[in-house]
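First the structure, in the form of structure tokens, and then the observations on it.
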Amino acid sequence: MKEILEFLRDLENNNNREWFNSNKERYQKVLKTWYAFCESLIKEIGRFDEDIAPLTIKDCTYRIYRDTRFSKDKSPYKTHFGVFMAKGGKKSMHAGYYLHIGTGAGTEYPHAHMLASGNYCYDNKAVKILREDISDEWDTFSRNILGKANSMFVPDMEGALKRVPREFDSNAPYADWMRMKSFCLSAITDDSFLLEDNLAQRVAELFKTTKPFIDYINRAVDFVKEEMKG
């Protein structure tokens with residue numbers, strides 16, 4: 001992981017094609033290390049979540065090349081690595097487990113190192129179901145779902161509505177969850193966390209505590225998918 005962090009930091013300081021091309025061999029070595037780690041992580045998570053076990057590297061990882069067509073930032077390369085392990089793969093729209101390795105230069109995306117459970121893009125019908133389920137079952141959800149997650153994980157309010165939808169009580173304990181459009185729990189980590197031994201096992205153990213949350217979210221996603229088939 002040390003080699004990965006050093007490469008990402010050097011890339012951030014030299015985010016241009018000339019530098020990248022002259023360091024292509026180094027990138028390929030780092031990528032091989034990253035893929036080997038991801039395979040270990042998929043295996044570890046697959047021990048407690050059977051939907052993850054059959055996934056491949058291609059199902060879970062992303063290209064380093066940025067799509068700059070509609071962005072003011074024309075930097076050609078991402079300065080982070082990410083692996084998203086979800087039922088059916090990264091494009092399935094299911095909730096899953098995401099590990100993000102940034103440069104560590106800050107506590108915000110994309111610089112931060114982060115673990116996240118959930119997804120950032122759901123069908124509107126799934127969002128509606130989740131809001132209704134969580135508000136109706138708040139005691140159970142807060143105790144048996146959120147209560148199982150490691151205390152490192154907190155609700156991610158990125159992209160949330162500014163106000164609670166009017167059909168829900170804005171003073172209710174679940175009010176913030178009604179504002180969510182992307183149901184996700186996230187945890188920020190630091191370099192020391194990444195550099196300790198047995199990273200794949202430690203990350204998997206943390207994600208294991210969020211499996212009840214993943215299952216709860218995917219219940220709604222699966223319902224909508226089945227409804228769309230019909």
Side-chain angles (χ1 to χ4, degrees), residues 1-47 49 51-94 96-121 186-207:
M1 197 55 65
K2 183 179 178 182
E3 292 178 0
I4 292 173
L5 290 175
E6 289 175 349
F7 175 80
L8 292 175
R9 287 165 182 165
D10 287 346
L11 178 58
E12 184 174 51
N13 292 325
N14 303 275
N15 201 332
N16 59 76
R17 289 181 176 83
E18 292 75 19
W19 184 89
F20 190 83
N21 288 335
S22 65
N23 286 269
K24 198 68 173 285
E25 187 174 332
R26 181 185 175 192
Y27 167 65
Q28 293 295 341
K29 182 181 178 182
V30 165
L31 189 64
K32 184 177 180 180
T33 300
W34 172 242
Y35 282 171
F37 168 77
C38 291
E39 287 178 340
S40 297
L41 186 56
I42 291 168
K43 182 178 179 180
E44 291 295 329
I45 294 177
R47 296 181 192 278
D49 191 332
D51 290 326
I52 305 304
L55 297 177
T56 67
I57 289 294
K58 187 177 180 180
D59 294 325
C60 305
T61 57
Y62 303 88
R63 287 161 48 89
I64 199 168
Y65 307 98
R66 294 183 64 246
D67 183 353
T68 61
R69 290 174 298 172
F70 308 107
S71 175
K72 291 181 180 180
D73 180 4
K74 298 301 180 183
S75 303
Y77 307 105
K78 300 172 186 174
T79 56
H80 61 271
F81 284 154
V83 55
F84 181 51
M85 298 149 288
K87 176 182 178 181
K90 61 191 176 188
K91 297 181 180 180
S92 69
M93 306 296 285
H94 283 98
Y97 313 92
Y98 177 66
L99 175 65
H100 179 98
I101 308 298
T103 60
T107 58
E108 301 292 333
Y109 178 91
H111 304 291
H113 311 314
M114 177 178 68
L115 288 75
S117 291
N119 203 335
Y120 285 94
C121 185
S186 63
I188 301 298
T189 64
D190 57 18
D191 286 3
S192 62
F193 175 85
L194 298 179
L195 296 173
E196 290 177 11
D197 293 338
N198 304 314
L199 179 61
Q201 292 90 337
R202 289 187 290 110
V203 169
E205 282 301 310
L206 286 170
F207 278 142

### Query
Given R47 and E44, is the salt bridge (Lys or Arg N to Asp or Glu O under 4.0 Å) satisfied, shown in steps?
CA-CA 5 Å; R47 296 181 192 278; E44 291 295 329; 3.4 Å; yes

For residues [X] and [Y], report the shortest heavy-atom separation together with the two atoms involved.
X    : Y    : result
G96  : A86  : CA-CB, 3.8 Å
T61  : C38  : CG2-SG, 4.1 Å
L41  : A200 : CD1-O, 3.5 Å
H100 : A112 : CD2-O, 2.9 Å

Considering only heavy atoms from C-beta outward, does the side chain of [X] approach that of [Y] to under 4.5 Å?
X    : Y    : value
Y62  : F84  : yes
I52  : D49  : yes
F20  : I64  : yes
L195 : L5   : yes
F193 : L199 : yes
F207 : S117 : yes
F7   : T79  : no

The criterion is side-chain hydrogen bond (donor to acceptor under 3.5 Å, both in side chains); which residues satisfy it with [X], sequence neighbours excluded?
X    : value
T68  : none
N15  : none
T189 : none
Y77  : none

#### Entry: salt bridge (charged side-chain N to carboxylate O under 4.0 Å, His left out): pairs with one or both residues in residues 79-90, sequence neighbours excluded
K87-D222

[X]: which residues meet the side-chain contact (heavy atoms from CB on, under 4.5 Å) condition with it, sequence neighbours left out?
X    : answer
S192 : D190
D59  : L55, T56
D73  : R66, S71, S75

### Query
Does a donor on one side chain and an acceptor on the other come within less than 3.5 Å for N119 and Y98?
no

#### Entry: Pairs flagged by side-chain hydrogen bond (donor to acceptor under 3.5 Å, both in side chains) wherever residues 105-114 is involved - sequence neighbours left out
E12-H111, H113-D191

### Query
Which pairs count as side-chain hydrogen bond (donor to acceptor under 3.5 Å, both in side chains) when at least one residue sits in residues 19-42, sequence neighbours excluded?
D10-R26

#### Entry: By salt bridge (Lys or Arg N to Asp or Glu O under 4.0 Å) - contacts of D67 (at least two apart)
R69

### salt bridge (Lys or Arg N to Asp or Glu O under 4.0 Å) partners of R17, counting only residues at least two apart
none

### Query
From K43 NZ over to Q201 CD, what is the distance, rounded to the nearest 0.5 angstrom?
9.5 Å

## Note on the structure
Rounding to 0.5 Å, atoms OG (S186) and CG (L115) come to a distance of 9.5 Å

### Query
Quick check: does any side chain N or O of R9 sit under 3.5 Å from a backbone N or O of A105, one acting as donor and the other as acceptor?
no

### K74, NZ atom: more than 12 neighbouring heavy atoms under 6.0 Å
yes

